[in-house]
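Structure, as structure tokens:
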Amino acid sequence: MSPVPDSLERWMAPFVALFTRPTWRHVLVLVAGALLTPGRRTVTAALSIMGRRETGNFANFHRVLNRNRWSGRAVAQRLFTLLIATFVPQGPVVIGIDETIERRWGSKIKARGIYRDPVRSSHGHFVKASGLRWIVVMLLVPISWAGRVWALPFLSALAPSERFARETGRRHKKLTDWARQLLLQVRRWVPDRQLIVVADSSYAAIELLSDLRAHLTVVTRLRLDARLFEPAPLRSPGTIGRPRVSGSRLPSLAQRLEDAGTSWRCVRVNGWYGGGDRQLEISSGTALWYHPGKQVPIRWVLVRDVQGGFEPQGFLCTDLQADPLDVLRWFVRRWAVDGTFAEVRRHLGVETQRQWADQAIARTTPALLGLFSLVTLWANDIAARAAIKPRAALWYRKAEPTFSDALAAIRLQLWREMTFSASASHAEIVKPPDPILNRLIHAVCLPA
């Protein structure tokens with residue numbers, strides 16, 4: 001039974017005050033095991049890779065997730081604070097919000113539902129999936145040593161299905177309700193910073209935008225046929241009747257596309273759809289997005305491709321003074337979100353965990369998502385001392401490190417500390433202990 005590597009204890013030190021002392025010792029083992037195991041991210045897999053298959057107190061490690069008292073929200077706040085201090089010490093904080101489906105089956109998983117599978121579905125093909133729906137808030141930030149924007153998860157919430165709410169007698173909360181709650185929570189964590197939220201069209205709801213615009217800036221898509229109006233005119237003294245809520249109807253974005261008199265501005269945006277620079281034409285203005293009974297003032301941005309590579313698109317921003325080019329630059333960061341969802345499945349074992357207790361389910365997936373951000377933080381610490389080199393081959397050229405390279409750098413450091421130590425008197429390499437070699441052999445040879 002080997003100790004946890006010193007580097008991991010140092011990296012995890014900011015979280016030590018959030019757990020009791022016995023729980024903290026188990027947390028360190030589980031985190032180390034989740035990092036090192038190459039297969040499923042189950043508690044037993046983590047214990048096996050850490051050489052604790054014969055440990056009699058294995059149930060204590062399960063209790064960390066399904067019973068012990070600690071606050072996932074406090075952990076999320078501490079993680080968010082670390083991410084901001086490391087990657088965004090000043091300037092606006094750009095975050096993204098999106099949902100993902102964790103495909104799970106089983107009658108004991110009470111909160112699961114049937115949803116549209118966003119990965120397997122297309123515009124003309126609808127695929128349903130059974131699983132858990134998670135709403136995830138991520139920091140969207142350029143990583144200098146990776147040469148691109150990464151989406152770093154720090155806060156996640158389980159959004160149960162409508163069936164679950166009906167069967168348990170609870171009020172069903174829509175995606176926009178969850179988004180409002182999560183984003184206002186993040187706002188309370190950073191009250192003195194400019195906060196910009198980037199979201200897809202699922203969150204382009206007038207009620208949500210109206211509730212959030214006083215607290216933060218939201219950037220999302222706008223339908224080309226959205227009803228746009230001028231602000232309501234000032235009410236003259238002595239006017240009889242109810243005051244007007246909107247002014248004259250403005251042309252929709254679709255109508256502006258057809259209007260030869262529309263003024264266009266040529267700009268160049270970096271990272272469009274995850275690629276290089278893209279030359280675009282944009283038109284922008286302010287309007288009142290109005291629907292009977294609800295309204296919100298917005299800045300709209302209409303985009304068309306000079307080369308005709310994609311259909312015209314509309315975007316909105318709740319900050320009326322925002323530069324249209326900044327709106328696009330903020331929005332293109334959102335495309336890193338899908339990459340993060342793919343990486344946590346491929347490299348961190350999301351959807352391979354096997355907990356069925358409600359408390360364990362509510363904690364395990366957010367922990368694995370947060371582990372993506374922790375790996376990025378710790379890789380940044382390693383990159384400050386030595387460059388992280390991308391793993392490439394003759395058949396696969398890779399210019400910049402990706403998440404798999406960052407995770408490999410973390411694993412290499414942890415295995416080195418547990419396996420190879422230097423003699424204090426002769427500075428010679430000591431032969432690795434047999435238990436450590438057995439763990440390495442099992443990790444390579446045995447199935448997950």
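Of the charged side-chain nitrogens involved, at least one lies within less than 4.0 Å of a carboxylate oxygen, so that R334 and D98 count as a salt-bridged pair. A salt bridge links D177 with R180: the closest approach of a Lys/Arg side-chain nitrogen to an acidic carboxylate oxygen falls below 4.0 angstrom. Of the charged side-chain nitrogens involved, at least one lies within less than 4.0 Å of a carboxylate oxygen, so that K294 and E207 count as a salt-bridged pair.
Between the side chains of E230 and Y290, not a single donor N or O lies within less than 3.5 Å of an accepting N or O. Counted by atom type alone, R299 and T217 present zero donor-acceptor pairs between their side chains at under 3.5 Å. At a cut-off of 3.5 Å, with distance as the only test, a side-chain donor of T20 or T23 sits close to an acceptor on the other residue. Under the 3.5 Å distance criterion, with hydrogens and angles disregarded, a donor-acceptor pair is assigned to the side chains of Q413 and S7. A donor-acceptor contact under 3.5 angstrom links the side chains of R221 and Q313, judged on distance only. S210 and Q295 form no side-chain donor-acceptor contact under 3.5 Å, judged by distance and modelled atom types alone. Defined by atom type and a distance below 3.5 Å, a donor-acceptor pair is missing between the side-chain atoms of R104 and S130.
Remark: side-chain polar atoms of T318 are paired, donor with acceptor, to backbone N or O of V218 under 3.5 angstrom. Between the side chain of S284 and the backbone N or O of W300 there is at least one donor-acceptor pair closer than 3.5 Å. One N or O on the side chain of D405 and one on the backbone of T402 form a donor-acceptor pair closer than 3.5 Å. Looking at R345, its side chain does come within 3.5 Å of a backbone N or O of F341 through a donor-acceptor pair. In terms of modelled atom types and a separation under 3.5 Å, the side chain of R41 and the main chain of T37 share a donor-acceptor contact. Proximity of a side-chain donor or acceptor of R163 to a complementary backbone N or O of R112 within less than 3.5 Å is detected.
Just one residue in the list T376, L35, L36 forms a side-chain contact (heavy atoms from CB on, under 4.5 Å) with I410, and that residue is L35.
With sequence neighbours excluded, the residues forming a side chain to side chain contact (heavy atoms under 4.5 Å, CB included) with N380 are T86, F87, W145, listed by chain and number.
A pairwise comparison of heavy atoms in I388 and A379 identifies CD1-O, 3.4 Å as the closest pair.
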List the atom pairs, with distances to 0.1 Å, where a side-chain N or O of residues 10-17 and a protein N or O form a donor-acceptor pair under 3.5 Å, not counting sequence neighbours.
residue : atom : partner : partner atom : Å
R10     : NH1  : D381    : OD2          : 3.4
W11     : NE1  : D381    : OD2          : 3.1

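W272 has its ring centre less than 6.0 Å from the ring centre of W335.
Using cut-offs of 30° and 60° for the angle between ring planes, the H347 and F403 rings count as tilted.
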- Message: With side chain to side chain donor-acceptor pair (under 3.5 Å) as the criterion, how do E102 and Q353 come out once you've worked through the C-alpha distance, each side chain's angles and the decisive distance to 0.1 Å?
- Response: CA-CA 10 Å; E102 177 191 345; Q353 61 269 39; 3.2 Å; yes
